[in-house]
Amino acid sequence: MSEEKQKIFKPRPVSGYPEWLPEERLVELRWIDEIRSVFESYGFCSIETPSVEEVDVLVAKGGDADKEIYALKRLHEDPDARSDARVALHYDLTVPLARYVAQHYGDLVFPFKRYQIQKAWRGERPQEGRFREFLQCDIDVIDNDNLSIEFDAEMPAIAYEIFQRLNVGNVTININNRKILQGFYSGLGLSNVIEVIRIVDKMDKIGPDGVGKLLLDELRLDGEMVAKCLSLAKIRTNDSSFVSAVRALGIENETLDEGLTELEFVMNALSHIPPGVVFADLSIARGFDYYTGTVYETKLADYPDFPSICSGGRYDNLVSSYMNKRLPGVGFSIGLTRIFVKLLKEGKLDIGAKSPTAVMVAQLPESDRALAATTAQQLRARGINVEMYHEQGKLKNQLRYAERKGIAFVWFPPVDDNGMHEVKNMATGEQVTADIATWRP
RNA sequence: GUGGCUGUAGCUCAGUUGGUUAGAGCGCCGCACUGUGACUGCGGAGGCCGUGGGUUCAAAUCCCAUCAGCCACCCCA
């Protein structure tokens with residue numbers, strides 16, 4: 001090596017790809033465990049699909065999602081090489097699920113209930129609440145031909161339970177049914193339903209006036225139609241009274257009726273959830289275009305301007321691009337990273353110790369290494385997280401280390417044959433004798 | 001992808017109308033204390049001022065480009 005200084009690369013965060021400190025990651029892991037446990041308590045089982053899918057699979061769902069897809073290639077790929085199996089990172093977990101269900105159709109039991117907690121990647125400009133790599137917690141149920149509406153009602157109940165357990169503060173779960181929108185707009189004589197939905201969905205951001213203006217300017221609707229659309233979008237109730245409100249607008253349509261019946265069922269089934277959480281909100285239409293019935297959108301009540309933290313809905317035909325069968329499904333996705341980063345930024349996260357260690361075994365100059373190791377092992381065998389301080393350095397440094405890492409207890413094995421084990425509580429400073437066979441943190 | 005704002009120590013930021021060896025707080029390392037942390041005191045390390053070019057006797061400071069970050073739009077978890 002020459003005397004020239006080695007080039008140092010300044011460590012930089014890559015925008016949109018978050019990473020955590022150990023103490024933050026511990027909280028994230030706890031969240032994942034809670035979410036898993038709620039999912040499983042409802043009988044959903046875990047699957048994991050590869051990070052990549054074939055590009056054709058990802059693009060098949062249509063929409064303009066393909067703009068956000070990250071394709072994968074080797075840095076020095078031979079440009080002439082055949083690369084039929086072009087692959088790209090999945091941008092959600094629903095498309096991989098569709099492929100998975102089609103692939104393993106014969107081995108799955110229906111209704112197939114699965115959850116999936118994995119990273120997803122989207123090539124968006126990152127900003128608050130928006131990342132290029134983020135963790136999604138998806139839950140879906142798929143059935144043959146018909147899927148009970150009861151699942152539509154179960155989904156928000158599961159989501160609510162999770163947010164309670166995670167202690168993220170109050171949430172608002174808004175529910176709508178695409179059939180209501182579809183039927184209502186068709187009944188009004190509108191043809192470009194998707195476009196209308198796209199604009200009406202901006203309600204919470206630009207308000208009724210803004211939506212009205214867009215409908216007039218962009219879609220050239222007449223004033224009366226705009227007024228009807230806005231009247232529908234303004235309906236928001238915490239029970240099934242939205243039905244009569246919609247009826248009062250005087251639109252007759254079969255699809256509309258279906259939607260109203262479904263949403264009414266869902267709202268009634270959720271009446272056990274405390275008031276102020278679940279709303280029938282006829283302005284929301286979140287999610288990708290493939291939703292056909294119930295749609296959900298969940299927001300943090302304390303941050304109304306912050307985007308949806310959990311959304312999903314019902315789709316009629318998950319696997320149509322892979323097999324000639326009709327498999328309807330319903331599910332939602334929790335944007336774990338989005339919530340996590342927001343609460344972290346707001347200081348609302350309960351950040352604890354910097355390590356999972358409960359007990360650190362200290363080493364005094366005259367203490368017996370072997371005894372320290374045995375002590376640690378005995379405590380571990382009882383399910384306690386124990387680490388040893390592997391240098392016989394100054395005790396001051398050992399305690400400082402434990403203190404800074406948030407280790408709650410420091411263990412002192414006896415230094416002579418007649419001695420006793422002692423354990424020091426770092427929070428109180430109190431140090432007492434302890435029985436290695438019975439002591440608990 | 002389109003537009004606006006911002007880049008000085010690990011972090012948060014000072015840095016006078018361009019003027020010598022670029023500063024603070026926090027954090028980090030060491031000592032005071034070789035069997036007890038948090039407090040205190042003292043000392044230390046750490047920066048080609050995002051990168052490249054230009055103007056000037058002189059650039060962290062002015063100009064251009066570029067890269068990166070943040071925000072808004074779009075879209076969405």
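What you see is a predicted model; the values in this text were computed from it and never measured. Atoms considered below: every heavy atom in the structure, side chains included; atoms not considered: hydrogens, waters and symmetry mates. So that the names make sense, note that chain A is the first sequence line, chain B the second, and so on, each numbered from 1.
- Taking atom CG of A:N397 as the reference point, atom P of B:rC29 lies 9 Å away to the nearest angstrom.
- With both pairing distances under 3.5 Å, B:rA72 is matched to B:rU2 as a Watson-Crick or G-U wobble pair.
- For A:E391 and B:rU34, the CD to P distance is 17 Å, given to the nearest whole Å.
- For B:rC29, the paired base is B:rG43 (Watson-Crick or G-U wobble, both distances below 3.5 Å).
- Comparing atom distances between the A:L399 side chain and each of B:rC75, B:rU36, B:rA77 picks out B:rU36 as nearest.
- Base pairing of B:rG23 is made with B:rC13, judged by Watson-Crick or G-U wobble geometry with both donor-acceptor distances under 3.5 Å.
- Nucleic acid contact for A:F332: none, since no nucleic acid atom lies under 4.0 Å from a heavy atom of the residue.
- The side chain of A:S308 contributes no N or O atom lying less than 4.0 Å from OP1 or OP2 of B:rC76.
- Toward the 5' end of RNA chain B, the nearer of the two residues A:S333 and A:R125, judged by each one's closest nucleotide, is A:R125.
- A:V410 comes within contact range of no nucleotide atom at all, as no heavy-atom separation falls under 4.0 Å.
- Ring stacking is absent between A:Y401 and B:rG37, as the pair misses the limits of under 5.5 Å between centres and under 30 degrees between planes.
- Using a cut-off of 4.0 Å between Lys/Arg side-chain N and Asp/Glu carboxylate O, A:R99 and A:E53 are scored as salt-bridged.
- Between A:E128 and A:K345, at least one side-chain nitrogen of the basic residue sits less than 4.0 Å from a carboxylate oxygen of the acidic one, meeting the salt-bridge criterion.
- For the pair A:K345 NZ and B:rC11 C1', the interatomic distance rounds to 17 Å; values are reported in whole Å.
- If you check every strand for non-hydrogen atoms under 4.0 Å, A:L395 touches a base.
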Inset, instruction - Might you work through the side chain to side chain contact (heavy atoms under 4.5 Å, CB included) test for A:R369 and A:L371, ending with a clear yes or no? - result: CA-CA 5 Å; A:R369 272 192 81 83; A:L371 176 59; over 6 Å; no
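- Comparing the P positions of B:rC64 and B:rC73 gives a spacing of 29 Å, expressed to the nearest Å.
- Classification of A:E28 and A:R25 as a salt-bridged pair holds, one side-chain N sitting under 4.0 Å from a carboxylate O.
- Across all strands, A:E128 comes closer than 4.0 Å only to sugar-phosphate atoms, never to a base (heavy-atom distances).
- For B:rG37, neither phosphate oxygen OP1 nor OP2 lies less than 4.0 angstrom from any side-chain nitrogen or oxygen of A:K405.
- At the heavy-atom level, A:G129 lies under 4.0 Å from base atoms of the strands shown.
- Across all strands shown, B:rC67 pairs with B:rG7; the Watson-Crick or G-U wobble distances both stay below 3.5 Å.
- Taking atom CG of A:L89 as the reference point, atom P of B:rA77 lies 18 Å away to the nearest angstrom.
- One atom, CD of A:E403, and another, C1' of B:rC39, lie 11 Å apart when rounded to the nearest Å.
- If you check every strand for non-hydrogen atoms under 4.0 Å, A:K119 touches nothing.
- OP1 or OP2 of B:rA77 sits under 4.0 Å from a side-chain N or O of A:S311.
- Of the possible polar contacts, one joining the A:T337 side chain to the A:L135 backbone as a donor-acceptor pair under 3.5 Å is found.
- If you look at A:Y401 and A:Y389, their ring centroids are closer than 6.0 Å.
- Base pairing of B:rC48 is not made with any nucleotide, judged by Watson-Crick or G-U wobble geometry with both donor-acceptor distances under 3.5 Å.
- For A:K394, a side-chain nitrogen or oxygen approaches OP1 or OP2 of B:rC31 to under 4.0 Å.
- A:K396 places its NZ atom 11 Å from the C1' atom of B:rU40, with the value rounded to the nearest Å.
- Comparing B:rG35, B:rA77, B:rC75 by their nearest atom to the side chain of A:L364 picks out B:rG35.
- With RNA chain B read from its 5' end, the first of the two nearest nucleotides for A:Q127 and A:R400 is the one closest to A:R400.
- Using a 4.0 Å cut-off between a side-chain N of Lys or Arg and a carboxylate O of Asp or Glu, A:E40 and A:R36 qualify as a salt bridge.
- The base of B:rU36 is not paired with the side chain of A:Q398 by any donor and acceptor separated by under 3.5 Å.
- Distances shorter than 4.0 Å separate none of the side-chain N or O atoms of A:K342 from OP1 or OP2 on B:rA77.
- A sub-4.0 Å separation between OP1 or OP2 of B:rC29 and a side-chain N or O of A:R404 is present.
- Put simply, NZ on A:K202 is 9 Å from P on B:rC76, counting in whole angstrom units.
- B:rA77 atom P lies 16 Å from atom CD1 of A:I139, rounded to whole Å.
- Under the Watson-Crick and G-U wobble criteria, each requiring two contacts below 3.5 Å, nucleotide B:rC62 is paired to B:rG54.
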